Structure formats: structure tokens, C-alpha cells
Amino acid sequence: MLYREALNKALDEVMAKDENVVVLGEDVGLYGGSYRVTEGLAVKYGERRAIDTPIAELSIVGNAVGMAIGGLRPVAEIMTANFALLAFDQIINHMAKYRYMSAGKITLPMVVRFPQGVSRQLAAQHSESYEQMLAAVPGLRVLAASDVNYAYHALKHAVLSDDPYLFIEHELLYNKKGDVDVDRPLDPFKARIVKEGEAVTIVSYLKMVDDVMAALPQIEETLGCSCEVIDLCSLNPVDYDTLRKSIEKTSRLVMVEEDHKTGGYGAQIVSTIAEEMFYALDAPPLRIAGEDVPVPYNRRLELQSIPTPDSIAEAVIAWGRKHDV
Amino acid sequence: MLYREALNKALDEVMAKDENVVVLGEDVGLYGGSYRVTEGLAVKYGERRAIDTPIAELSIVGNAVGMAIGGLRPVAEIMTANFALLAFDQIINHMAKYRYMSAGKITLPMVVRFPQGVSRQLAAQHSESYEQMLAAVPGLRVLAASDVNYAYHALKHAVLSDDPYLFIEHELLYNKKGDVDVDRPLDPFKARIVKEGEAVTIVSYLKMVDDVMAALPQIEETLGCSCEVIDLCSLNPVDYDTLRKSIEKTSRLVMVEEDHKTGGYGAQIVSTIAEEMFYALDAPPLRIAGEDVPVPYNRRLELQSIPTPDSIAEAVIAWGRKHDV
Amino acid sequence: MDKQLAEEIYFEMVRGRAFEYAAKEHYMKGEISGFLHLDIGQEALSVAAMKAFGKGDVFSTYREHIMAMVRGISPNAVMAELFGKAEGVSEGKGGSMHLFDPSHYFYGGDAIVGGHIPNAVGCAYARKYQGEESGVMVVFGDGATNGGAFFESLNIASAQKLPLLFLCENNEYAIGTNITRVSPFKKQSKKAEPYMPTLEVDGMDAVAVHKVITDAKAYLEKGHGPIFIEAMTCRYEGHSMSDANAYRSAQEMAQCKARDPIEKMKHYLETVYEMDETVIAQIESQAQQEVDAAVAFASEAPEPAPEALYAHMFVEGGNHALS
Amino acid sequence: MDKQLAEEIYFEMVRGRAFEYAAKEHYMKGEISGFLHLDIGQEALSVAAMKAFGKGDVFSTYREHIMAMVRGISPNAVMAELFGKAEGVSEGKGGSMHLFDPSHYFYGGDAIVGGHIPNAVGCAYARKYQGEESGVMVVFGDGATNGGAFFESLNIASAQKLPLLFLCENNEYAIGTNITRVSPFKKQSKKAEPYMPTLEVDGMDAVAVHKVITDAKAYLEKGHGPIFIEAMTCRYEGHSMSDANAYRSAQEMAQCKARDPIEKMKHYLETVYEMDETVIAQIESQAQQEVDAAVAFASEAPEPAPEALYAHMFVEGGNHALS
Ligand SMILES: Cc1ncc(C[n+]2csc(CCOP(=O)(O)OP(=O)(O)O)c2C)c(N)n1
Ligand SMILES: Cc1ncc(C[n+]2csc(CCOP(=O)(O)OP(=O)(O)O)c2C)c(N)n1
Ligand SMILES: [Mg+2]
Ligand SMILES: [Mg+2]
């Protein structure tokens with residue numbers, strides 16, 4: 001099954017199960033969604049449940065908040081992360097805070113989904129990542145699906161939960177293939193050990209997990225060691241237990257993310273480990289991330305601006321050699 | 001001179017000097033600004049140059065971008081950081097990117113100013129800090145004024161520069177007193193060593209600098225050591241040179257910020273130092289930051305949610321004892 | 001309007017004003033803090049609109065103490081919230097600007113100007129979806145009508161024919177800025193005209209407000225879509241306690257107070273129902289007693305426990321199914 | 001319209017369409033990537049509006065290749081930008097959606113729907129402040145008229161009486177969603193009516209477009225404030241190269257193409273100026289030659305150097321004074 005099909009299946013199942021579930025967003029209805037995640041839902045459940053909205057992101061999220069107050073379970077789609085900036089007031093001032101400010105009187109069972117990241121030459125206004133910002137907002141659960149099976153189960157979980165979730169996808173993952181084990185629901189807050197290893201813990205999420213895996217043979221062969229690769233899956237809360245166990249074993253941490261390095265999401269992981277596991281580390285932690293520039297259109301420059309399997313391998317190998325891995 | 005008077009003086013001087021400088025925002029004109037920073041400017045320079053805008057933050061910043069394109073030097077005020085969320089699209093997709101996307105053809109000499117932080121019981125929708133988000137955006141200069149003299153010089157610099165600046169103030173600093181040395185312009189990107197010391201480097205910015213200073217006697221006395229206190233001043237770029245020199249001397253880093261700890265701005269400082277100065281550190285870095293909750297209204301809970309001089313002293317002392325400072 | 005309703009409205013208006021003056025007094029004493037926005041002068045609107053709207057859902061702003069009480073939240077719980085106490089309606093976490101109580105169909109209490117309007121639109125969608133006839137009312141100021149959230153909401157509510165009543169409290173000011181300086185219009189209903197029927201009412205006249213909201217509610221129930229009501233009103237105090245109100249002349253203030261809504265309602269009771277001094281005095285003293293009791297309650301109520309800081313972040317065990 | 005102008009407009013329309021087809025071809029070959037939005041079908045608008053607006057500043061969207069060229073940016077520089085080359089107008093950093101050239105008063109090239117409208121408002125403020133009469137034109141689609149940025153801009157431009165021409169290219173679709181499904185109106189000028197005069201024009205008729213923009217420009221120059229023009233038009237291709245255009249029936253497409261703007265302009269030249277086949281063929285071949293040359297130029301142009309990644313972040317030595 002493809003990643004986008006897994007997401008579609010998750011939505012289809014929860015919509016079949018609970019008529020309070022509605023999806024809304026630009027072109028999610030008749031058109032079936034820009035990345036086909038909501039394909040078929042309007043035909044099956046009607047336009048009242050697969051709602052085409054105008055191009056008004058503030059309202060998409062703001063309306064979803066109100067629908068949730070009114071007893072529905074809205075799943076809002078923002079076409080691309082960059083447009084979510086228009087909805088930051090609703091996400092941060094409303095969706096994340098109503099429950100707390102009302103001392104629990106208001107409950108917001110809702111999900112906001114969006115794809116993000118560098119795709120293929122979409123340029124600076126269509127290529128950004130905002131987990132750095134959004135995973136820092138108290139009151140939100142933030143999941144990031146890199147894996148097909150995880151995508152299916154985590155999205156179902158998010159829709160059926162009574163808490164407000166952000167569900168982050170990556171534009172280059174929609175056609176990724178994988179198996180879905182429908183009968184084994186998983187804990188969406190648990191990190192996924194993609195590969196076990198002994199010498200280095202490489203932490204990542206979303207598309208970078210695949211790039212790390214692509215870089216791995218070269219890294220392991222060159223350094224003559226085995227690496228443990230962890231997909232965070234949940235960006236808030238973070239499964240620090242899994243990280244801790246891994247780093248206790250490996251004593252080394254590499255954090256890989258696609259977003260600009262300055263202030264990027266990985267800084268939090270690295271700083272938390274530095275604070276809490278300082279003495280367990282045998283080498284300085286390494287952060288591999290995008291360059292601190294808006295994403296350029298030209299393909300070469302674009303690739304230069306983000307980590308790739310090659311640049312990941314290169315960086316880890318250089319660091320490994322320097323620090324006797 | 002008060003902090004707000006220093007800001008007012010800076011604006012007054014640049015407006016007198018260059019008629020392209022205009023200020024705009026809610027109540028900045030006839031009313032004189034909610035925190036009186038723009039007081040008197042409408043009377044002196046007219047309503048065309050001290051422009052009262054409707055409550056439309058997206059437009060305040062969006063219009064400023066257009067004014068800058070049109071050859072003016074706008075200084076936009078957002079009344080409180082939380083409302084800036086409504087303008088994030090303009091700040092991040094437009095203000096920060098036009099220059100790069102146009103290969104330098106568009107130049108945006110503009111400033112967006114706003115106060116942020118926990119003031120006194122303004123509750124969750126009026127108490128937040130967004131440097132974590134905004135200092136991570138490539139293409140923006142981000143300054144944070146904790147000091148009266150710095151506030152004056154840095155704001156003048158920002159307005160007269162041809163680059164887009166965010167200028168962050170803190171609601172509790174407006175009535176802070178200090179001297180302004182008008183004749184000695186300073187480099188706004190240089191961190192300020194507030195107090196020299198040998199054993200610990202304490203890094204902070206905005207109001208927390210004052211709280212660190214208030215906590216210092218107790219810390220130094222109890223631990224029997226001297227601490228170096230650094231005010232970052234510029235949050236992007238960061239003056240890592242000054243940090244490096246200090247940490248080479250002290251071998252210890254404490255980072256203090258008011259914002260929620262998870263994903264907070266300080267994570268970047270701590271992770272960068274952990275990456276680049278790992279072997280220079282004699283103790284795990286310590287991060288002191290706000291709790292991961294929306295800011296509550298009740299005063300006791302509010303104070304519990306952020307660092308205070310007492311809690312800073314307590315945390316540094318506990319950490320210092322544990323790690324033999 | 002029948003006598004009992006008129007008396008109730010009068011009572012609520014008097015109690016509302018007494019409540020606001022009490023809040024002001026205790027703010028000056030330092031027992032209430034943060035931003036405190038008083039509704040004095042606008043009581044006709046807050047009271048009569050809520051009364052007329054019956055059980056429909058209401059979304060409002062930071063200037064909502066009186067509305068919250070008319071909806072059924074007790075003065076004790078509102079005052080305790082202003083005092084930041086554990087027995088406040090938001091357990092001391094929200095304060096003056098954030099009063100919520102879904103059991104009374106009251107959803108705040110939002111302090112982002114215009115930010116609650118898209119929420120009201122979404123709720124109206126839910127009500128239509130559920131086949132509920134009661135509809136939704138969203139209350140906002142003149143200043144909110146310049147923001148994108150308001151406009152997007154007019155458009156969506158109209159396109160979707162949602163049962164939503166837009167109630168604009170036009171007091172002509174957004175803090176210190178007169179609406180005509182930042183909007184091309186004095187009457188903001190102009191902005192809604194392309195999208196839905198608009199009505200105007202004297203916001204200082206409780207009887208008129210009650211009538212127009214009753215009519216509007218009937219319109220909503222017919223499923224024709226949204227409706228916009230503009231009520232011209234006037235606040236007596238500064239925008240919040242930190243505003244000295246220096247931008248309005250003595251003359252302007254006098255004109256404003258000459259339209260006093262409580263006096264007007266009293267006059268109505270006296271002329272239409274020949275209500276006498278004693279009954280009116282009784283109503284007034286009952287109102288004052290309730291406010292005094294609320295202050296006493298709030299003063300004595302306990303502070304939230306330190307653990308409250310971490311409470312209400314997420315729903316625990318909130319998944320109604322995982323499979 | 002005089003003959004020379006008519007010929008120029010015809011030439012630009014033909015060249016524009018040839019350019020767009022060439023871009024499509026090279027996209028399919030993989031030489032152009034990202035989002036590519038073709039303006040085919042809408043040439044009358046893009047060409048005649050730019051021609052008529054003269055030297056005023058223009059802010060546009062991602063569907064702007066033709067406008068950029070009419071403004072004076074060479075086809076070479078536009079095509080090279082689509083190819084991501086160093087000699088592109090944005091040196092390969094912007095791509096199809098981000099063409100900027102202040103020396104031709106052309107500011108993009110914005111890919112956030114509606115995001116450039118507040119920028120145009122600010123620029124119009126600057127022009128008024130400077131006493132410049134030329135004014136500003138902002139071009140946007142029907143889909144953009146549902147967003148907060150658009151509405152805030154109507155309100156501000158009207159309140160401030162800014163010299164701003166709002167030009168709505170109503171092609172009835174935002175990607176796959178017909179405007180009437182998400183807006184209460186088919187004609188979006190309804191939304192501007194409270195704020196400013198509105199005019200409607202057949203966006204497939206270059207002569208009509210030229211006239212209405214010329215008149216609007218004269219209106220701006222009188223200092224009366226903003227004006228809104230709605231041009232009904234139709235795009236022939238999908239929204240971008242990734243849209244299969246499956247939501248429009250063959251019949252709808254046929255009706256749309258029956259209004260072809262290039263045929264119409266040709267007919268105008270033939271009937272009004274008795275232009276003969278040879279001249280028209282000459283214009284067409286000249287247009288095609290320029291496009292071929294642009295493709296050749298773009299193919300051969302160098303890639304940006306790796307250091308370009310870090311260029312153009314900030315102005316160096318950009319402080320005109322530090323004291
Ligand atoms: C988005 C946003 N911008 C600015 C503010 C600050 N602010 C609070 S109330 C207010 C004025 C609102 O005026 P109006 O909507 O007319 O309501 P009124 O206070 O007159 O009832 C402003 C500017 C805010 N709370 N939210
Ligand atoms: C804020 C924002 N939301 C969504 C998008 C994705 N998007 C790009 S173009 C488009 C449709 C725009 O339609 P319209 O304004 O009518 O312009 P047209 O493409 O028809 O010329 C959408 C939804 C975007 N670029 N920006
Ligand atoms: Mg008002
Ligand atoms: Mg369109």
C-alpha cells in the first residue's frame with residue numbers, strides 16, 4: 001500500500017465508524033485532495049463530510065476548532081505547510097489553548113494535517129518545515145509519519161482521540177510503499193527503532209529517516225561499526241525512554257533533520273540529551289540539518305540546501321573518524 | 001531614561017533624519033502606542049508618518065513589506081507578540097524571503113517591533129514569546145533588547161539598515177531605567193557581557209537577564225564562585241565568539257529563558273555548544289526555562305510557570321552542587 | 001415584552017453594572033489583575049441579546065462578564081475567576097478574558113480580536129450538520145470588522161448558509177482609535193451587505209435589542225443562512241483598566257451617557273408597566289446583594305493548588321477507540 | 001485602439017502563448033520543474049492590462065510569465081528562470097512562481113494566494129506618500145478573494161483612499177474547485193462593492209481590457225482612491241502541470257475555447273485595420289522566433305555557482321548611517 005493510500009484508508013475507516021468525523025480543506029472534496037489523501041471520501045460520505053473550503057487557512061483551522069466545540073471530529077487539511085502560517089493564530093492561540101484556559105471545560109477532538117518539506121523545486125514559499133515551531137507549542141500533540149504502517153495507525157489514533165493533534169506528512173513520501181498491519185494498533189507516541197546497532201544512535205523523522213537508511217551502508221562500512229536508527233514518530237511528546245536506552249548502549253548521538261539548522265527541531269533533542277546524558281556521551285553530538293537559507297528553486301542549489309544520503313554519509317563519516325567511532 | 005523613552009528617542013531621531021521612516025500599527029498614532037513607545041510622533045511628524053492601522057496584523061506587516069518595496073522605511077508595531085501569529089505568513093513567507101527569491105532585486109529596509117513575554121496575569125493569549133520560532137527563520141535579523149542603551153542604539157541601527165529586522169521587547173521592561181550613551185553607537189550583533197566571572201557562563205536575553213542578575217548574589221555566595229553573565233542581544237545572528245571565549249574560560253554553561261522549555265530558543269544555544277565545545281565543558285549544560293503549559297492567569301501559577309530569581313538561583317545552585325562548581 | 005421578562009432584563013442590567021463596578025474597585029485594590037474590560041454602558045446589549053437568543057451557542061470576546069452571567073454562569077464563579085481563584089469558572093486559569101462554560105452554551109471569552117469568529121462559523125456548521133435549529137451567535141466589536149477572520153467568516157457563513165448571527169457591538173472605538181479613522185464606514189454592517197441581510201438597532205435600548213435578536217433568531221431557524229446585526233453603543237469607561245480614556249472629550253462622554261441603557265429600561269418599566277419605586281429599589285438591592293456575595297465568595301475562595309499548573313493539558317484516556 | 005498598439009498587443013499575446021507552450025514542452029522533458037502555471041487562455045488580460053497600466057507598479061501571482069515579459073523582462077531571462085539558470089531574472093532562485101524586477105516595476109511572482117495583496121497596498125501607500133501619480137495594480141485570481149488578506153486590503157485601501165487597482169482574474173476555478181462552491185457569488189466584484197467602484201470586463205477581449213484599465217488608471221490618478229475590476233476569463237490548461245483538469249467537462253472546455261482571446265484580437269486587426277495574412281504570419285513567426293531563442297538561451301545558460309546558495313541573504317554594508 002502507498003503512504004497516501006494508508007492515510008486514505010485510515011480516514012475512510014474512521015469516517016465509516018463515526019459520523020461525527022468530517023474532513024475539510026482546499027480541494028479535499030470533489031477533487032480528492034492535491035496529494036489524493038482524501039480521494040473518494042466525498043463520493044462515499046457526501047460533500048457535507050468531505051468539505052471543500054475556500055482558500056482561507058485561518059478559517060480552515062478556526063472552523064475546525066468550532067466544529068470540535070460543536071461536537072464533530074474535524075480533520076483539517078492544509079495543502080502545504082507554508083500556508084499553515086496563515087493559521088498559526090488559530091493553531092497556537094485557540095486550538096492549543098482552549099482546553100487549558102477553560103480548565104478542561106472545552107475539549108477539542110480535532111486533527112490538522114499537512115505535508116511539508118523540500119519536494120522538487122517548489123521554491124522558498126512551498127518547501128518549508130514547521131515542526132520546529134509547532135512541536136514547541138504546549139497543548140498540541142505533534143506526530144510525524146515517515147512509515148506507511150505508522151501513518152495508518154497514527155492517523156486513526158489522532159482522529160479518534162479527544163485531544164488536538166497536528167499530523168505532519170512529507171510531500172515526497174506520498175508514493176512510498178509499505179505494508180500495513182491493520183490488526184496491530186500501535187502506540188503513536190513510541191519511537192520506532194528502524195534498525196538496531198551498537199556504536200552510534202542516529203535519530204531522525206519524516207523523509208530523513210529514509211535518507212539516513214540510504215546512507216547507512218556506506219557509513220557502517222567505512223566506519224566499520226553498526227548504527228542504531230530511530231524514527232521519532234511523535235515530535236511532541238518525545239519518547240525519550242527509547243532514545244535514552246539507545247544512547248546508553250551507543251554513547252553517541254547523531255540528529256538528522258531536513259529543516260534549516262539554526263533553531264531547528266533537532267536542537268531540542270540534542271540539548272536535552274546533552275543536559276541529561278552528558279556523562280553517557282563518548283563524543284560530541286552531531287547535528288545534520290538544512291542550510292540557513294530559504295529553499296532555492298534550482299535543483300542543484302536545492303539539494304545543496306538539505307541533507308542527502310551522500311551528505312549525511314559524508315558528515316557522519318567525518319565526525320566518526322574525528323571522534324574514533 | 002526609561003527603556004520606552006529610549007525606544008521613542010531612537011524613533012524620533014531617525015524620523016527627523018529621514019522622511020522615509022514611518023511607523024505604523026494599532027494605536028501608534030494619536031493614542032501614542034499602548035506602551036507609549038510612539039508617543040508624540042504623530043503630533044511631531046503627522047498622521048501620515050505615524051499611521052494608525054486597523055486591527056489587522058497580517059496587513060500591518062504585509063503593508064510594511066509593500067512600503068519598503070515602494071521606497072519607505074517602515075517600522076511596524078505589533079501590540080503584543082501573540083497577535084504577531086496572524087502575521088506569520090507575511091513575516092516568514094514574504095518579509096524574510098523576497099530578497100533571496102528575487103536574487104537581491106528586492107530590498108526590504110523594515111522593522112517589525114513587538115513586546116512579548118509574561119507580564120502580569122494577562123493569561124495564555126497575551127503572554128507568549130516567539131523568538132524560538134522567529135530566530136529560526138533565515139532572512140531575518142532578530143534583536144532582543146534587555147538594556148536601555150542597547151535598545152536605543154539597536155533600534156536606530158535596525159531602522160537605518162537596509163535589511164528586514166524583528167525587534168523584540170519585553171512588556172515588563174518598558175519602565176526600566178538606564179543611561180543612554182548617545183555618542184557611542186554599538187554593534188547590535190555583539191553580545192553584552194553584563195558581568196564578568198570565572199566559573200560559570202550564564203547566557204540569557206530580554207527580561208531574564210535582570211532576573212539572572214537578581215539571582216546572582218545568592219548563587220555566587222552559596223556556590224562560592226563567580227559567574228559570567230551574558231546578554232545575547234542579537235538572537236539571529238548569535239555572537240558565538242563571545243560565548244566561546246566565555247565558555248573556554250568557565251567550562252560551564254547555563255542557559256536561561258522565559259519561554260516554554262520544550263523546543264525553546266535556548267535549545268539551539270545549548271546544542272550548538274554541545275556540538276562544538278563538547279570537550280571544553282566540565283559539566284552538563286543546564287537549561288532553565290518556562291514550563292510546558294500555556295501561561296495561566298492566576299498569579300501564583302503564572303509565577304510557577306516561568307523562571308524567577310528564586311527558581312533560577314535554586315536551579316543553578318542544585319546543578320552547581322551536583323557538578324562540583 | 002412581557003412584564004416578567006422586562007423585570008428580568010432590568011435586574012440583569014443592574015446586576016451587571018454593579019458587578020462591573022465591583023470588579024473595578026477590586027482591580028484598584030490589586031485583588032484582580034491582568035486586562036479587565038468593563039461592559040458599563042453596553043449592558044442593554046449584553047443582557048437583552050443573551051436573553052433573546054435562548055439556548056443557541058454564544059461565542060464572545062474579552063468583554064464578556066455580563067453575558068456569561070446572563071447565560072447562567074453564577075456571579076460567584078465569574079467573580080472568583082476574576083480573582084484568579086480555584087472556584088472561578090475557569091478555575092483561575094483564564095481570568096476576566098476567558099470565561100467558558102459549554103453547559104451554558106457559552107464559549108468565551110476569546111482575547112484575540114476576531115479570533116473567535118471562525119470558531120463560531122465552525123460551530124454553526126456543526127449545528128446545521130446535526131440538524132439543530134438553535135443556531136449560533138457571535139459577538140464582536142467594531143474593531144474586529146477590519147480583520148481577515150471576520151471577512152472570511154462572512155464569506156463562508158454565506159456560502160454555506162449557516163445559522164449564524166453576527167452581532168457587532170459598535171461602540172465606535174478600538175481602544176483609542178475611532179472606527180472611522182481605520183474603516184471607510186461608521187456603520188460596519190456595510191461590510192456584511194453583500195453576504196446577508198443586515199439590521200441595525202439602538203444598542204442602548206434593551207427592548208429594541210431583544211426584539212431584533214428574537215426576529216433574527218427566527219430567521220436563522222428558517223434555514224436561510226446567516227444574518228448581521230449592528231448595535232450602536234457606547235462604553236463609559238476606558239478600553240481596559242490601563243486606558244485613561246483621554247481620547248474622548250467630556251462632551252462626547254456626556255452625549256454617550258445621556259443614552260444610558262439602564263435609565264432607558266427603568267423608564268420603560270415605569271411607563272409601560274407602571275412599576276413603582278419600591279419594586280425598582282428591591283430589584284436594585286437584590287442585584288447589589290448578589291454582587292456583594294460574589295465578591296465575598298471570590299475573596300474567600302482558595303487559590304488553585306500548585307498542581308493545577310499541569311492539569312487540563314490533555315484528555316486522559318480520551319480515546320474512544322484504538323482499533 | 002490605434003493600429004500600432006493593437007499590433008503590439010497581438011504580438012505579445014501570440015508570443016505569450018508560444019512561450020507557455022514551450023514551457024510546457026520543456027517541463028515534460030524535465031528541463032523545467034516545480035509548479036508551472038500556464039496562462040494560456042488568459043493572454044488578453046495579462047497583455048492588455050500591463051500595456052494599459054504603463055509605468056505603475058504591478059504585483060502579481062505565480063501565473064505571471066506573460067505579464068513579466070510585457071513589463072519588459074526579456075523572454076530569455078524568464079525562460080532561463082524557468083530552467084533554474086544563473087541568467088534567469090531571479091538567477092535561478094525563484095523559478096516560475098517568483099519573477100521580480102523592480103527596474104520594470106514588477107514585483108512578482110508571489111506564490112501565497114492573496115499574500116501579495118497587502119504588499120501592493122503598502123506600495124500604494126508609499127506612492128501616495130511620495131506624491132507619485134502612477135499608482136499600483138495588483139492582480140489575483142477569484143480564489144484569492146475568499147482570503148483574509150484580500151478583505152483587509154479592500155478595507156485599508158478604501159479607508160486610506162489609496163491609488164490601487166484591484167484586478168481580479170476570474171477564471172471560475174481555484175485549482176479544482178469552482179468558485180461558486182466556496183463563495184456566495186459567481187462575480188467577486190460583489191465583495192468590493194461596499195468599498196470602491198467596481199467594473200466588469202470580458203477578460204477574453206484585449207481591446208475591452210485595455211480600455212477599462214486605461215479608464216481605471218485615469219481614475220486612480222485623480223486621487224479618488226482604489227478601484228476594482230473583474231475580468232471573466234478562462235484557463236485552457238490544468239491549474240499547474242500536476243493538475244489533469246479532470247473536473248471540467250469537454251463541453252465546458254469547448255465553450256471556454258470558443259472565446260479564444262487571440263482569435264478575437266486577430267479578428268479585430270483583420271476587421272478594423274484590414275490587417276492581412278502576411279502581416280499576421282510575420283508577427284506570429286517573429287513571436288515564435290523569440291520564444292525559440294529564449295529556449296536556446298535558457299538551455300545553454302550556466303547553472304548558478306554553488307556559492308549562490310548563500311548569496312542575497314542580506315544587504316552587505318547596507319547601513320546608510322550608524323550614528
Ligand atoms: C488580534 C489582536 N490584535 C490586537 C489586540 C489588542 N486589542 C485588544 S481589544 C482591542 C480593540 C478591540 O476593539 P473592538 O473590536 O471595537 O472591541 P471593543 O473593545 O470596543 O469592545 C485591541 C486592539 C488583540 N487582542 N488581538
Ligand atoms: C495561502 C495559499 N493557500 C493555498 C495555496 C495553493 N494554491 C495555489 S494556487 C491555488 C488556487 C488559486 O486560485 P485563484 O486565486 O483563482 O487563481 P488561479 O490559479 O485560478 O489563477 C491554490 C489553492 C497557496 N499557494 N497559497
Ligand atoms: Mg469597539
Ligand atoms: Mg481562479
Side-chain angles (χ1 to χ4, degrees), chain A residues 57-58 82-83 85-86 88-94 96-97 99-101 123-125 128 130-139 235-238 255 259-279 281 283-287 291-294 296-297, chain B residues 57-58 82-83 85-86 88-94 96-97 99-101 123-125 128 130-139 235-238 255 259-279 281 283-287 291-294 296-297:
Chain A
E57 285 77 7
L58 184 71
N82 281 72
F83 320 148
L85 293 175
L86 284 158
F88 264 40
D89 166 62
Q90 285 296 334
I91 295 173
I92 299 174
N93 281 328
H94 298 82
K97 295 200 175 86
R99 181 169 169 76
Y100 190 82
M101 296 199 307
Q125 290 183 333
E128 283 195 321
Y130 297 126
E131 71 280 6
Q132 180 270 349
M133 302 184 183
L134 294 168
V137 178
L235 302 184
N236 189 359
V238 170
M255 175 76 221
D259 195 16
H260 318 298
K261 183 165 184 181
T262 289
Y265 177 81
Q268 180 204 330
I269 303 293
V270 168
S271 77
T272 304
I273 298 301
E275 254 198 306
E276 297 184 9
M277 300 189 70
F278 186 72
Y279 298 112
L281 291 176
L286 173 67
R287 268 187 77 204
E291 296 292 318
D292 288 328
V293 298
Y297 168 73
Chain B
E57 284 78 7
L58 184 71
N82 281 72
F83 320 148
L85 293 175
L86 285 158
F88 264 40
D89 166 62
Q90 285 295 335
I91 295 173
I92 299 174
N93 281 328
H94 298 83
K97 296 198 175 84
R99 181 170 169 73
Y100 190 83
M101 295 198 309
Q125 290 183 333
E128 284 196 321
Y130 297 126
E131 72 280 7
Q132 180 269 350
M133 302 184 183
L134 295 168
V137 178
L235 303 184
N236 189 0
V238 170
M255 176 76 221
D259 195 16
H260 318 297
K261 183 164 184 183
T262 288
Y265 177 82
Q268 180 204 329
I269 302 294
V270 168
S271 77
T272 304
I273 298 301
E275 254 199 305
E276 296 184 9
M277 300 188 69
F278 186 72
Y279 298 111
L281 291 176
L286 172 68
R287 269 187 76 204
E291 297 292 319
D292 288 329
V293 297
Y297 168 73

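Just so it is clear, the structure is predicted and the values come from calculations on it, not from any experiment. First the proteins, then the strands, lettered A, B, ... as listed; each starts at 1.
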[X] side chain vs [Y] backbone, donor-acceptor pair below 3.5 Å:
X	Y	answer
A:Glu275	A:Val270	no
A:Lys97	B:Pro294	no
A:Asn236	A:Ala136	no
B:Asp292	B:Thr262	yes

Contact winner vs chain B - [options], heavy-atom pairs under 4.5 Å:
options	answer
A:Glu276, A:Met133, A:Met255, A:Gln90	A:Met133
A:Pro284, A:Gly139, A:Ala123, A:Ser271	A:Pro284
A:Gly263, A:Ala124, A:Ala274, A:Ala267	A:Ala267

Between [X] and chain A, with a heavy-atom cut-off of 4.5 Å, which part of the residue counts as in contact: side chain, backbone, both or neither?
X	value
B:Tyr279	side chain
B:Val137	side chain
B:Ala135	backbone
B:Leu281	both

Report task. Under 4.5 Å, counting heavy-atom pairs only, tell me which of B:Ala283, B:Gly266, B:Gly264 racks up the most with chain A. Result -> B:Ala283
**Report entry** chain A contacts, top residue of B:His94, B:Glu128, B:Met277, B:Glu57 (heavy-atom pairs, under 4.5 Å)
**Finding:** B:Glu128
Query raised in the report: Is there side-chain contact between B:Ile91 and A:Leu85, with at least one heavy-atom pair below 4.5 Å?
Result: no
Report task. Determine, using ring centers only, whether B:Tyr130 and A:Phe88 are less than 6.0 Å apart. Result -> no
Requested in this report: Could you list the residues that satisfy side chain to side chain donor-acceptor pair (under 3.5 Å) with A:Gln125, not counting sequence neighbours?
Outcome: D:Asp110
